[in-house]
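To keep things clear, I will list the structure first and then write my remarks on it.
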Amino acid sequence: MAKAMLPVDLPSRPGDESLSSEELLKISIFDGLKVANLERYPGAVVLRRYRPGEVVCRQGDAGWTAFYILKTEDLLALREAQAAAGRSAESLADIRARAEQLHAGTLAAKTLTESHPHLAAMDTHAKHRKADEVSSDPELAKLLRAAAEAEALRAKAVVSLAIPSRSAARGGSGFWARTMHGLFGLRRREARPSQRYIPIDGPVDLEAENPVAVLHEGELFGEMSCINRYPRSATVRVTAECYMIEMLRNILELLQKNKAFNEQMNTIYRRRVLNSHLRSLPIFNEVNEEFLHQLAQRVQLVEKQPGEVIFEQGAPSDCLYVIRIGMVKVTQKGPGGERVLAYRARGEYVGEIGLMRDEPRMATCVALDHPEGEGEKKRRAGRVELIRVDRDDFFDVVNRFPDIRAKVEAVIAERLRPDEGPAAPRTTLSSRFDDLGLMQGQKLMLIDLDRCTRCDECVRACAATHVDGKTRLLREGPRFGHYLVPASCRQCLDPVCMIGCPVGSIHKGGNGQIVIEDWCIGCEICAKQCPYEAINMHPLAAGDKAEGETVDVSQQAAVCDQCSSLNGVASCVYACPHDAAIRVDARSFFAGIQT
Amino acid sequence: MKLDSSHRPWLIGTVVTIALAGVVYAIHAASAIECPRGDSAVGLVFGVLAAACLLFAWLLSARKRVLLLRVGTLTWWMRGHLWLGFLALPLALFHGAFAFGGPLTTVLMVLLIVIVVSGILGAALQHALPGVMTAQVPREHTYEQLDRMRWNLRQEAYELVVAACGPGVETEAERAALEAFAGHPPHEPKKITTVEGHQTLKEAYTLRVVPYLRGIENGASPLADSTQAVMFFDDLRPRLGPSLHPVASDLADICDEARQMVRQSRLHLWLHGWLWIHVPLSMALIVLMFVHAIMALYY
């Protein structure tokens, strides 16, 4: 990842306006801030004018600022103040007319929310369609149209994600490769979970099949880049002339301490994120729109700092937490001390076991971001954002929808499996075993060097099994006794590689394997976090990039997925002619062996 | 492939098959009016069985082309290759009644014998040498990377010596070679403080270490032998200032790694070199076997 140094001032571009602290206070998100506070950071905030077609930020670029799309009402307040001071060059009449139209639309949307909440949750096009359908009720149709028009007016930009074409068969397009693929379907993509939404660094989640969404006035994006210096998770392109406030971290932190700002952002989250995020969760797939909308009104957004305890083992089970941003570490105290049970990532949930079993919490959950590291690797920790679903609401869902209850119970059964759950065996082995991190390996690859003839069939099989034709296995690594521990994903108990992915493209698959999705932006965070060098960065050929995208995603991370989409053993093991390559659970395999 | 207890069923199967075939052959030979022939019913059965064994053995190379096809692990195919390939020889001998026949069948039998013998040799080598390589080459690299790793060692040695003694006319040729390989000059310090023994170290580097690392005098160099290398560096150290002792130790370490690379190359050659005989002859055998079958059936 390109490391960006925080500049003293934001770089200037044509059309910029440097606002005084008094002028900034006319903008609603700065309500409640003190002039003195803003004056402490001169040059850290700028008002930028964007025209249709301009790109605000590109997926994968280094980023260290956040953007707020100015509301028409804010612009009006600002311009009026500037006009009073004799500064404005813009026609106030136009802005006033637009503000009045938006005001009427906002009132219509409010009325609609009170009377027909599920209709209010519809997107602009759906509202228009619905208005046509309910022509027998002219009042409702009028409300729907007014709300839809206001929404359309507030739409200012599109946010999109470039995903390399999934249908193109990469790697090996020659006659032989095509014939073999046709005959046997040999090359394959990694098993993919049914993830419908992709979380990005903005107030919306993108649909995986069509990763484009609209950004509206009054929305903030780029917070994760600003706080954590993550690369931009998506490309933002302006569709209608607008103004945006670009700010550095110090300003964003000031805002985050501001009650008015937080309330405004919470409202937006509630309206946009919760609807899509709750819908994107597998457990809520079966819930109908109306119920989901009601649920979205009742759940809470909770923010935790890394290291902060979400709930303690033994505490009453009063809610379920769904992870929106960051990671959660699940630990449990037992006779042998405290041990890590799991790390849960974006989209997963915690606290369901205690709720379903009506028992106190069986583990402690701690908010977690990526390790801060040392030296050049030192990073500032980011926050963890959770959606809290109260006990009553949770049971409302599971009681109404038996399929959801079954799904939750299946997840609980999976999490309590002997090899993953609290009953998982512990083994004390040699210090070298610990030094090499072998205890982490649930599917550790080992090559018996007394059997291996160094024929490299395992490496060839690995390359052959992936659609890009690139191996995830390097037959090099440390030795442990007469075993070689090659550089290949060992399916760690503590998969630190999953911490900090800015676009949530790395996660655990259905078989516990690590999966890196197509929308990886090549930032290398996972590769650097993996202590065993098991994640490789593969350069993308021009043909691998999404059509029509100018974004420069030049590489993507690749990791061994244990051939989880093939039945049985991994290809590297299956293809070893000498019985030398094996995949083992290191703790049980080496139990009792002192090397 | 390690020939361990997992081969027992194959071994028993092969021995039993040979014994049964021997009994059948003996009965057939005893009851034959003349010498038993390959075109007799029993002889043909032996011929077909031998051909089937050879075909199965040959299929291993085809199986390796479709690594992902889930039609039995390669370990299973390899065991079958070893034992059925071996079994083909006695069956072929029974088929030909221990006679080589005409020119084509003579060539076939000679090929088969060479292939089976080279296969047995290869199996023995692949049984024994992996363990030897594990023990003797602790710093093993991927075989294909060995050339590059040798260059890396040369560069490392050069940078060590130049960092300690400074560049000079003695190291100029090596510098040029490294630059030509890497496309950029090796790293050199800007300022060097001359220390006691630097000229001696430079001479040892230029006259002994560089030629050895370049592979010019692999066998003749004292550095090619670990005992002589220890003596060489033990002799060198007292002639160097104390600050150069770590450099000498690092050079000794580099030479040790280079020696391991030479050993690895040699062992790799033994592990896989026999395949240069075994594989082409097997291909020729399969082709000629079909020619023999067609000719026998046609005429």
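Every chain is numbered from 1, with letters handed out A, B, ... down the list of sequences.
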Main-chain N/O of [Y] paired with [X] side-chain donor or acceptor, under 3.5 Å:
| X | Y | result |
| --- | --- | --- |
| B:Tyr143 | A:Cys455 | no |
| B:Thr134 | A:Leu449 | yes |
| B:His272 | A:Thr453 | yes |

*Mind checking whether A:Arg460 and B:Lys64 have side chains closer than 4.5 Å, heavy atoms only?*
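The answer is no, as the side chains (C-beta and beyond) never meet within the 4.5 Å cut-off.
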
*asked:* With heavy-atom distances below 4.5 Å as the criterion, would you say the side chains of B:Glu140 and A:Glu476 are in contact?
replied: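 With C-beta onward as the side chain, the pair stays apart.
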
*Pick whichever of B:Ala128, B:Ser6, B:Pro138 has the most heavy-atom pairs under 4.5 Å with chain A.*
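Option with the greatest count: B:Pro138.
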
*In terms of heavy-atom pairs under 4.5 Å with chain A, which of B:Leu125, B:Val132, B:Leu267, B:Leu74 leads?*
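Going by pairs under 4.5 Å, I would pick B:Leu74.
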
May I ask you to check whether over 12 heavy atoms, not counting those of [X], lie within 6.0 Å of atom [atom1]?
| X | atom1 | answer |
| --- | --- | --- |
| B:Arg139 | CZ | yes |
| B:Phe181 | CZ | yes |
| B:Trp76 | CH2 | yes |
| B:Trp151 | CH2 | yes |
| A:Glu533 | CD | no |

*Report the distance from atom CZ of A:Arg475 to atom NE2 of B:His141, rounding to the nearest 0.5 Å.*
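That separation rounds to 12.0 Å.
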
*Measuring from B:Gln126:CD to A:Arg454:CZ, what's the distance to the nearest 0.5 Å?*
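CZ of A:Arg454 is found 11.0 Å from CD of B:Gln126.
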
Please find the pair of heavy atoms, one from [X] and one from [Y], that lie closest to each other, and give the distance.
| X | Y | result |
| --- | --- | --- |
| A:Tyr574 | B:Val71 | OH-N, 3.5 Å |
| B:Met78 | A:His578 | CE-CE1, 3.7 Å |
| A:Cys452 | B:Pro130 | O-CB, 3.2 Å |

_Segment of B:His81 engaging chain A (4.5 angstrom heavy-atom cut-off)_ =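 Interface part for B:His81: neither.
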
*asked:* Please classify the contact of A:Asp448 with chain B as side chain, backbone, both or neither, using a heavy-atom distance under 4.5 Å.
replied: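 For A:Asp448, neither part sits under 4.5 Å from chain B.
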
*Do the charged groups of A:Asp579 and B:Arg79 touch, with an N to O distance under 4.0 Å?*
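Answer for the salt bridge query: yes.
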
